[in-house]
Peer 1: 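Pasting in a structure now, in C-alpha cells, and then I'll have a few things to ask.
FYI, side chains are in, hydrogens and waters are out, and symmetry mates aren't considered; it's all heavy atoms of this structure. Here, residue 1 is the first one in the sequence, and each next residue gets the next number. Keep in mind it's a predicted model, so treat the numbers as computed, not measured.
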Amino acid sequence: MPSVDSLLFNISSFIAGLFLLEYGADKFIDHTAIVAKRLNVSPTLVGLLTCGAEWEELVVIAVALSQKNSNLALGNLVGSSIANILASFSLGLLFMKNAEFDRSSKIYTTVLLALTTVYLLLLTTLQPAIKWLAGSLLIVAFIVYVGSVATLIFRGTLTAPEDDSDSDSDSDSDSDSDDDGDAKDDSSDSGASEADGPGDEEQGGAGWRASSDKSHKLGLLKTSKKSTATKKLKVFRPNKKQPKTMRYHLFRLLMGLAALLVSSYIIAHSASTIGNELALSGTVVGTTILSLATTLPEKFVAIMGGVRHQPGIMVANTVGSNIFLVTLCGGVLFLWGDASQLKVGFTVFEALIMWLSAVVIFGIVMVGGKRWMGGVMLSFYIGFLVVEIMNGHKVDDD
C-alpha cells in the first residue's frame with residue numbers, strides 16, 4: 001500500500017520541477033541563439049556542449065550503479081536515447097512546418113548513428129574481460145567529440161561576427177525619419193500658408209487681407225508649437241539602446257542550464273519515488289517513467305526550438321544528448337557496471353528501436369523535416385511505451 005503523504009509530496013515536487021524546467025528551457029534557448037550569433041558559429045555547435053550534455057542522466061546512472069542496480073542504469077540509458085529522438089525531437093518537428101538543417105547538424109547526426117551502432121555491438125558482445133577496454137574506448141570517444149566541437153567553435157570565433165545591433169539602429173533610424181517627416185510636413189504646411197496668403201489678398205481686398213493675416217499668424221503659431229514639441233522629443237528621447245555584453249548572455253545561458261539540471265534532478269527523483277510507491281517493476285521505471293522524467297528538459301528545449309524556428313538547437317539538443325549517453329554514460333556503465341547484468345538487462349526489441357531511432361533522425365536531418373514526420377515518430381514512441389509496460393508486467397507476473 002503506497003504512502004499517501006509520500007506520493008502527494010513527490011507529485012507536487014514533480015509539478016514544481018516542471019515549472020522550473022520551462023523557465024530554464026526558455027532562457028537557455030534565447031541566450032544560446034544570441035551567443036552563437038556573437039561567436040559567428042552555428043547554434044548547433046553551442047547547443048552540443050550545453051543542452052546536449054546529459055549530466056542529469058549521468059547522475060541517475062551513477063546512483064543506480066552505487067546501488068548495484070545495473071539494469072536500472074542501462075534501462076534509463078536505452079530508454080532516454082529512444083525518448084530523445086522519438087519523443088523530444090518529434091515534438092520540435094510538430095511545431096515547425098518545414099525544417100532545414102545546417103552542415104553541422106548533418107555531420108553530428110552521422111556521428112551519432114556510427115556511435116550508436118558501435119555501442120550496441122559492444123553491449124551485445126560484452127564480456128567481463130573486455131568491459132574495461134570497451135568502457136575506456138567510449139570515454140575516449142567522448143573526449144574526442146568534445147574536442148572536435150570546441151575546435152569548430154574556436155575556428156568560428158576567428159571570423160568577425162555579425163553586428164547584432166542592426167535592429168536597434170534600424171529602429172532608431174525609423175524614429176529619426178518619422179521625426180524628420182513630421183518636421184517636413186510642418187514646413188510644407190507653413191509654406192502653403194505663405195503661398196496662399198498673397199493670392200487671397202489680391203482677390204479679397206482689405207477685409208479678407210486682415211482675416212488672412214490672422215489665419216496666417218495662427219498657422220505659424222501652430223507650426224512653431226509643433227516644431228518645438230518635435231525638438232523636445234529629440235532632446236529628451238532616450239539614447240540608443242546598447243546591446244548586452246557577451247558576459248551577460250553567457251551568464252543567462254548558464255543560469256538557464258543550471259535551472260534545467262536542478263529541475264531534471266527534482267523530476268527524476270520524484271518520478272522514481274512515484275514508481276516505487278506504485279510498485280512498478282525496475283524495467284518499467286527505467287525505460288519509461290525514469291527516462292521520460294530525465295528527458296523532459298530535452299522535450300522542453302525541442303518544443304521551444306520548434307516554436308522559435310531554431311532547427312539547429314533542436315538537433316544539438318537531441319544528437320548531443322544521445323552522443324553524451326552512448327559515450328560518457330555508456331563508458332561509465334561499462335567500467336563500473338556488472339557485465340553479466342548488462343548483457344541480459346536489455347532485449348533485442350529495445351536495441352533495435354534504439355538503433356532505428358538513430359537511423360530515423362539521420363534520414364530526417366539529411367532530407368529535411370516535415371510536421372507529419374513528428375506525428376509519426378511520436379506515435380511509434382507511444383507504441384514502444386505500451387510494449388515495454390506489457391513486457392514489464394509479464395516479468396513481474398513470472
Peer 1: Same hydrophobic cluster for L378 and L385, using side-chain heavy-atom links shorter than 4.5 Å among ILVMFWY?
Peer 2: no
Peer 1: Going from CG on N84 to CG on L325, what distance comes out if it is rounded to the nearest 0.5 angstrom?
Peer 2: 6.0 Å
Peer 1: So, taking the atom named CD1 in I85 and the one named OG1 in T109, what distance separates them when rounded to the nearest 0.5 Å?
Peer 2: 9.0 Å
Peer 1: Which side-chain hydrogen bond (donor to acceptor under 3.5 Å, both in side chains) pairs, counting each pair once, include a residue from residues 251-260, with sequence neighbours left out?
Peer 2: Y248-R252
Peer 1: For the pair M354 and V326, evaluate side-chain contact (heavy atoms from CB on, under 4.5 Å) and give the outcome as yes or no after the intermediate values.
Peer 2: CA-CA 11 Å; M354 182 177 175; V326 299; 3.6 Å; yes
Peer 1: Starting from V307, can I reach M377 by hopping between I/L/V/M/F/W/Y residues whose side chains sit under 4.5 Å apart?
Peer 2: no
Peer 1: Hey, mind stepping through I139 and L335 against side-chain contact (heavy atoms from CB on, under 4.5 Å) and telling me if it holds?
Peer 2: CA-CA 10 Å; I139 292 178; L335 289 176; 3.4 Å; yes
Peer 1: In residues 89-96, what donor-acceptor pairs under 3.5 Å come from side-chain atoms, sequence neighbours left out?
Peer 2:
unit_1	atom_1	unit_2	atom_2	d
S90	OG	L86	O	2.6
S90	OG	A87	O	2.9

Peer 1: Could you go step by step and tell me if N10 and S13 meet the side chain to side chain donor-acceptor pair (under 3.5 Å) rule?
Peer 2: CA-CA 5 Å; N10 284 283; S13 300; 5.2 Å; no
Peer 1: Among residues two or more places apart or on two chains, list those pairs meeting side-chain hydrogen bond (donor to acceptor under 3.5 Å, both in side chains) that have a residue in residues 365-385.
Peer 2: N98-K370
Peer 1: Out of curiosity, I61 CD1 to C329 SG, how far, rounded to the nearest 0.5 Å?
Peer 2: 4.0 Å
Peer 1: From S88 OG over to I361 CD1, what is the distance, rounded to the nearest 0.5 angstrom?
Peer 2: 10.0 Å
Peer 1: Mind checking who shares a hydrophobic cluster with V144, ILVMFWY linked at side-chain heavy-atom distances under 4.5 Å?
Peer 2: V140
Peer 1: Run the side chain to side chain donor-acceptor pair (under 3.5 Å) test against S12 and tell me which residues pass, sequence neighbours left out.
Peer 2: none
Peer 1: Supply the members, apart from V348, of the Ile/Leu/Val/Met/Phe/Trp/Tyr cluster built from side-chain contacts under 4.5 Å; use none for a lone residue.
Peer 2: none
Peer 1: Answer yes or no: is there a side-chain heavy-atom contact under 4.5 Å between F101 and I364?
Peer 2: yes
Peer 1: Donor-acceptor pairs are to be reported for all side-chain atoms of residues 115-124 against protein atoms at under 3.5 Å, with residues two or more places apart or in another chain.
Peer 2:
unit_1	atom_1	unit_2	atom_2	d
T116	OG1	L112	O	2.8
T117	OG1	L113	O	2.8
T117	OG1	W355	NE1	2.9
T124	OG1	L120	O	3.0
T124	OG1	L121	O	3.0

Peer 1: According to side chain to side chain contact (heavy atoms under 4.5 Å, CB included), who are the partners of I130, at least two apart in sequence or on a separate chain?
Peer 2: Q127
Peer 1: How long is the straight-line distance from CD1 of I82 back to CD of E350, given to the nearest 0.5 Å?
Peer 2: 7.0 Å
Peer 1: Give every residue pair that meets the side-chain hydrogen bond (donor to acceptor under 3.5 Å, both in side chains) criterion with at least one member in residues 130-139, sequence neighbours excluded.
Peer 2: none
Peer 1: My understanding is that only residues two or more places apart in sequence, or in another chain, count here; which of them pass ring-ring contact (aromatic ring centres under 6.0 Å, His included) with F384?
Peer 2: F349
Peer 1: Can you name the residues that form a ring-ring contact (aromatic ring centres under 6.0 Å, His included) with F9, not counting sequence neighbours?
Peer 2: none
Peer 1: Using side chain to side chain contact (heavy atoms under 4.5 Å, CB included) as the criterion, list what pairs up with S148, not counting sequence neighbours.
Peer 2: Y108
Peer 1: In sequence, state the C-alpha distance, the side-chain angles, and the governing distance for V315 and D102, and then conclude on side-chain contact (heavy atoms from CB on, under 4.5 Å).
Peer 2: CA-CA 10 Å; V315 172; D102 59 14; over 6 Å; no
Peer 1: To the closest 0.5 Å, what do you measure between CE (M314) and OG (S105)?
Peer 2: 9.5 Å
